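Proteins get letters first, then strands, A, B, ... in listed order; numbering begins at 1 in each. Because the structure is a prediction, the values reported are computed rather than measured.
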Amino acid sequence: MWQSRPGVLGWVMTTDHKRIGLLYFWTTLVLFAAGGAEALLMRTQLARPNQHVVGPATYDELFTMHGLTMIFFFIIPMTTGAFGNYLLPLMVGARDMAFPRMNALSYWVFLASGIFVYTSLFIGQAPNAGWFDYVPLANVKFDPGHAIDFYCLGIIFNGISSSLTAGNFIVTILKMRTPGMSFNRMPLFCFAFLAASWGLLFALPSLTADTLFLFLDRNIGTHFFDVAKGGSTLLWQHLFWIFGHPEVYILIVPAFGIATEIIPAFTQRRVVAFPLVAVAELLVVFIGFGVWAHHMFATGMPTVTVVFFAAATGVVVIPSTIQVFAWCMTFITGNARFKTPLLFIAGFIFMFVAGGLTGIMFLAVPFDQQVTDTYFVIAHFHYIIFGAAVFPIFGGMYFWFPKVTGRLYYELPGQISFWIIFVGTNLLFFPMHIVGLEGMPRRNYTYPGGLGWGTSNLLETIGSYLTTIGIIVLIVNLVVSYFRGAVAGPDPWHGATLEWTISSPPPEYNFAVLPKVSSAYPNWDYEDRAEDRRKLAEGVMVLEQGHEQPVSSPIDGWWAEIVEMPHDSPWPILLALAMSICFVLLLLHLWMGFCFALAGIVLVLLGWHGEEPQESVA
Amino acid sequence: MLAGCGGSQNTLNPHSHQSADIANLFWVMMAVSFGGLALITGLLVFAWVRRGRRGLGGDAEDPHPGEKLSWFVVVGMGVVFPLMVIVALFIVGDWAIVKVTQAPAASSTDLTVEAIGHQWYWEFRYPGTKAVTADEMHIPVGTRINLVAKTADVIHSFWVPELNRKIDTIPGQENRILLYANKVGVYRGQCAEFCGLQHAHMGMLVFVQPKAQFQTWLKKQAAPAAKPASPAARRGERAFLGGSGSCSSCHAIRGTPARGFVGPDLTHLASRTTLAGLTIPNTRGYLARWITDSQHFKPGNDMPNFHLTDGELQSLVKYLEGLK
């Protein structure tokens, strides 16, 4: 079996999905802190009417960067990049992702796009037209300078990373499952990530086209969005939300996947109605592609169009209600142990239902048209995004902490962190419903006294600080546990899936023996595990010599072929660097330089492909 | 700063059937939603109460305890029940109430008002008359009004929640909405779509008046500006009209050569109660401070700070105060 290269170079050149997952984890955590600091500044500004903590220009940058950061630089890379990368190959019994070097490339591109976008903040040119960046406000006439160019290029750049990850996941899930793991034996976590990855792959092109059009409008004088020259303002919104609504499901479906792993482990019961839940995870993303225009009900579209999208919005509820009741029934028919991860999942179900119910309200078009663009909507989608995506992320951080570090976290501080965050987020987001109904529009850097908005806003601000304290307790708990926690052993929770069958942390090659799988909860199939142990003891292994990996057929998951996996490689980071240069040159309008940099990319690609994996079968 | 300018903008304090229908719908939806949330919370609490005990409906050997019961719950409560609720909500919300709140049929209204969004104030026009005003519109009570929402620059959203839902102003598009008020009063509204730096200071007031009073108001607004009455006011008018860089390069006053169109029409400025998208009250002190230091009240707005002598400022204010 193989070893990782030691030292910094080992991390820079790594193609190990676990190391890449950890790199994603630390990077997204830093960006989460940045997005959180932006949110705290906004809440501080809004604590009382007519305050001047920040001016309007700064405030606009804050809410734009907060949205961009939390969506593109925290949740997607945290769920897909960190959790998906680390766990997917383990859960399907693979030794790595399908395309390890592409995986490394997607991390380095993600890191570069994060640095690219945040550079704008430090040079005072941060995007400032909101994360959905409506034209004509975002066009060059009303927003000269580089702010929106950073937005356009940053999103395209980041999208490359997400697309690479999504493609990699799809192939990994469909082809890299250990022989014997047919589709019906695949953990629900994998169904969720399969759904989210297809979603990303189909949603991102629309956003890329949109931001590219805007970049061209701004910089070379095309007229995609210029009404005076025959363009269309609403084109931006349609293309944006064709991406933007599936995006919501892309954010939360991986979190559903995390929940469907934590729940069985802490109830010692398989998720009820398994096939229905698996199909629901896929359907929610699929139907999610048909509802985008409900973000545009106030734009004056014909009533027929509006009502069609309202009906679609009703249909998309069903896969979610199926899952909610399946989770709850698993709690009840199982033997629930409310440890920290399960508490976060219970909190997630509560928040998701609360946010989902206000979501259902939006299918009543007149009500949507009344409260859209107010704090009611902010409350709704923060219940969904913080409650339904971030809570499972926190739960997952506790749940897989022993697997990744080999140590247990401290349980009592863990539970305390949950309760602080739970109370804090509800105090932060619940009053937003009220103040929204009372008429407070979103994206206002200040508001007058005398409209009755002061108390709610103050409570929200207190909630935001409380939430921050809870998150700090969580982080401190995990950091201290990393150094001083009790040794966890391979399976502290009696978990259900394959990652709990191997040591903590897992070895570079994950599985010495290709695991035998006869259900979606393989760690509970004791005979199969005994057989694996016997094979290991007797040295009856396959593919133990080289850097090799079996590839299975997509549906029945049976031996199809054996492939050589690539080693550590310098090419991914070099390619990301060459791409960064391209984007910087585009930003600076150095078109000739851009062409040279493109040639650089071709050279790196030649180098990449000149070094096909050559395993010395020793 | 502007606490007592009158008018609230609370969606749950309706003053038209449109807003009342929406508010009532909300109260029903809220009650049902709390029921749903209570149900789910109840299930979770039930699981917590029974924590550490073997799950419902199974013995120790059964790997799927209570699976059949669970399928019933998942299909019944997760598919059938929500579908029924959604269909009911769809019929009420998207068939019955949409009819009430949608754009009025052509010729079903008695009056048309144009609302034109600008960065960052509202311009109101009354087609068929010469009346143009800003930030404060007047309408007659109990009258169906066809409100045409347009923009001079970026997307804004016209929203007076106590009278009806909102409608965006989209470049190249003429969106319409029905405006109707049951009761005489003052209702506050605000731009609801982010439109740049001073989006937060783009409020408006709707004065709902008895029909006769409204007609008087409209007639006055349609008339040209009052002539300055005192020597100081005449000096103020000259300063206003001045050369390039004076007030008239951006503002219009009907009946004078001032034809600017960057800022609001000031023909009857003194008849308004507020300035600058409800940022400050229209009093002598605030008006003077607005002229010399508008960037303090509304940073980033298009009006520069004017450095005037005391005398110049006094006469200018005197003139503007006369524009009744």
**Asked** Would you call the rings of A:Phe430 and B:Phe34 parallel, tilted or perpendicular, where under 30° means parallel and over 60° means perpendicular?
**Response** tilted

**Message:** Between B:Thr101 and chain A, with a heavy-atom cut-off of 4.5 Å, which part of the residue counts as in contact: side chain, backbone, both or neither?
**Reply:** side chain

**Request:** Would you mind checking which part of B:Glu174 comes under 4.5 Å of any heavy atom in chain A, side chain (CB onward), backbone (N, CA, C, O), both or neither?
**Result:** neither

**Approximate separation, where rounding is to 0.5 Å, of A:Ile318 CD1 and B:Leu83 CG** = 3.5 Å

**Request:** Give, as side chain, backbone, both or neither, the part of B:Leu25 having an atom under 4.5 angstrom from any heavy atom of chain A.
**Result:** side chain

**Item:** Interchain contact, B:Trp159 with chain A, by part (heavy-atom threshold 4.5 Å)
**Value:** side chain

**Message:** Any carboxylate oxygen within less than 4.0 angstrom of a Lys/Arg side-chain nitrogen, looking at B:Glu67 and A:Arg269?
**Reply:** yes

**Message:** Quick one, B:His199 and A:Asn444 - any side-chain contact, counting heavy atoms below 4.5 Å?
**Reply:** yes

**Request:** Under 4.5 Å heavy-atom distance to chain A, tell me which part of B:Val85 shows up: side chain, backbone, both or neither.
**Result:** neither

**Message:** Using 0.5 Å steps for rounding, measure from the CG atom of A:Leu437 to the CG atom of B:Leu12.
**Reply:** 5.0 Å

**Engaged part of B:Asp168 at the chain A interface, taking heavy atoms whose separation is under 4.5 Å** = both

**Which atoms of B:Asp153 approach chain A - backbone, side chain, both or neither, heavy atom under 4.5 Å** = both

